[in-house]
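In what follows, every heavy atom counts, from backbone to side chain, and hydrogens, waters and symmetry copies are set aside.
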Amino acid sequence: MRLTHPMLSSPIHWRENEIPVLVIEHPKLFREMVFSLSAQADGEEGEFSLSLDYEPLDCGEHLYVLRDYFSLPLDDRKLQNRFQSLLQTVIREELPEESDALQKEICRYLEHVNRAVDYPLSFSGGEYILPLLKALKCQPVLDGKEPLEQLIQYLTLYSGLMKNPCFVLAEAHSYFSREELLQFYRIANYEKWRILLLEQRMSNPLPGEIFCLLDEGLCELRLDSSEKIR
């Protein structure tokens with residue numbers, strides 16, 4: 001997968017056991033890129049282009065931008081649609097007998113209600129189980145106690161439900177310690193998540209990080225974690 005932008009001389013690539021880090025020291029450009037990535041993740045137009053095997057990808061379907069690590073949203077329409085599809089698959093393919101028994105029991109219960117009421121009643125037809133689960137607010141949750149644990153759960157959920165996701169983490173170096181990031185990188189590499197860190201300041205490089213730096217004068221420099229910026 002590759003991410004391109006007119007300000008970058010070459011694309012940002014995702015390779016095995018590497019974490020790309022885009023450092024933008026120019027405050028206005030940093031703000032513009034964060035807002036642009038967020039807008040494109042919501043389906044709007046922008047200057048970033050995402051591709052896989054040289055085939056363009058819709059940023060609105062594949063790009064996810066995280067800026068608040070203490071309140072990770074789960075009300076995303078795409079996620080909810082995929083989760084409902086998962087529930088349908090579970091109900092129909094993994095629990096067919098239980099689902100059929102529950103459907104019949106609900107129908108019998110509605111018949112009892114109809115007989116117990118003095119007035120004619122009508123009920124919607126079709127399957128009752130999914131509407132019941134929706135009424136019970138059956139939805140995924142993040143039950144981790146620490147922000148990093150919740151972030152890992154969040155990415156695990158999205159990676160399991162969404163196709164070819166790409167996650168942009170803004171200012172992660174400001175929120176998490178080096179030890180936390182190293183732990184996160186180990187999991188990200190094992191799970192083969194596509195992670196891009198977007199930072200405003202260059203920090204002491206961690207193993208596996210590959211940097212693209214745009215300084216305040218908009219000069220570009222590329223280096224890996226074994227090199228030092230002079």
Side-chain angles (χ1 to χ4, degrees), residues 1-3 12-20 34 36-44 46 48-53 55-96 98-99 102 126-170 172 175-176 180-181 183-198:
M1 186 177 285
R2 310 190 318 163
L3 183 71
I12 292 174
H13 294 267
W14 281 270
R15 299 184 176 92
E16 189 173 359
N17 296 323
E18 291 183 353
I19 303 293
V34 171
S36 178
L37 283 166
S38 299
Q40 289 186 242
D42 289 336
E44 300 179 21
F48 283 96
S49 297
L50 193 65
S51 62
L52 179 63
D53 297 330
E55 291 293 329
L57 295 176
D58 182 356
C59 289
E61 293 295 326
H62 299 274
L63 190 63
Y64 304 90
V65 180
L66 303 179
R67 292 184 285 173
D68 182 358
Y69 302 99
F70 299 98
S71 180
L72 298 170
L74 291 175
D75 57 354
D76 181 87
R77 175 185 54 82
K78 296 173 291 185
L79 176 68
Q80 292 298 328
N81 290 341
R82 292 294 180 90
F83 182 69
Q84 291 300 315
S85 297
L86 174 63
L87 285 180
Q88 291 183 32
T89 300
V90 169
I91 290 170
R92 295 170 181 171
E93 298 181 9
E94 298 186 25
L95 299 172
E98 295 88 342
S99 300
L102 179 57
E127 295 184 357
Y128 294 119
I129 300 176
L130 277 175
L132 176 61
L133 292 176
K134 187 174 182 180
L136 293 172
K137 300 186 185 300
C138 179
Q139 58 187 349
V141 296
L142 305 177
D143 58 2
K145 296 182 179 180
E146 298 296 330
L148 180 63
E149 187 179 1
Q150 290 196 3
L151 176 62
I152 292 170
Q153 290 179 333
Y154 187 85
L155 269 59
T156 299
L157 175 64
Y158 267 78
S159 296
L161 293 176
M162 313 304 290
K163 184 178 181 181
N164 294 321
C166 172
F167 303 101
V168 179
L169 277 57
Y175 282 89
F176 300 107
E180 288 176 319
L181 287 174
Q183 177 188 350
F184 175 66
Y185 291 170
R186 285 193 294 269
I187 295 173
N189 289 330
Y190 177 80
E191 298 291 345
K192 300 187 184 305
W193 293 337
R194 296 181 179 94
I195 306 292
L196 170 64
L197 269 62
L198 189 60

Going by side chain to side chain contact (heavy atoms under 4.5 Å, CB included), name the residues that satisfy it together with [X], two or more places apart in sequence or in a different chain.
X: L74; value: L79, L142, Y154, L157
X: D143; value: Q153
X: R2; value: P11, H13, S51, Y54
X: K134; value: none

Could I get the full list of ring-ring contact (aromatic ring centres under 6.0 Å, His included) partners for [X], not counting sequence neighbours?
X: F184; value: none
X: Y69; value: Y175, F176
X: F167; value: Y64
X: Y190; value: none

Legend entry - Pairs meeting criterion salt bridge (Lys or Arg N to Asp or Glu O under 4.0 Å) with involvement of residues 68-86, two or more places apart: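 Pairs touching residues 68-86 that pass the test: none.
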Legend entry - All pairs passing salt bridge (Lys or Arg N to Asp or Glu O under 4.0 Å) where residues 86-95 contributes a residue, at least two apart: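 Qualifying pairs, neighbours excluded: R92-E127.
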Legend entry - Residues in side-chain hydrogen bond (donor to acceptor under 3.5 Å, both in side chains) contact with S38, at least two apart in sequence or another chain: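 S38 satisfies side-chain hydrogen bond (donor to acceptor under 3.5 Å, both in side chains) with no other residue.
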Inset, instruction - Just jot down the side-chain hydrogen bond (donor to acceptor under 3.5 Å, both in side chains) partners of S99, sequence neighbours excluded, or say none. - result: none
Inset, instruction - Using a 4.5 Å cut-off on heavy atoms from C-beta on, say whether the side chain of L102 contacts that of L95. - result: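 The answer is no; the side chains never approach within 4.5 Å.
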Inset, instruction - Could you pull out the closest heavy-atom pair between S36 and G46, with the gap in Å? - result: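 Heavy atoms only, the tightest pair is OG-CA, 4.2 Å.
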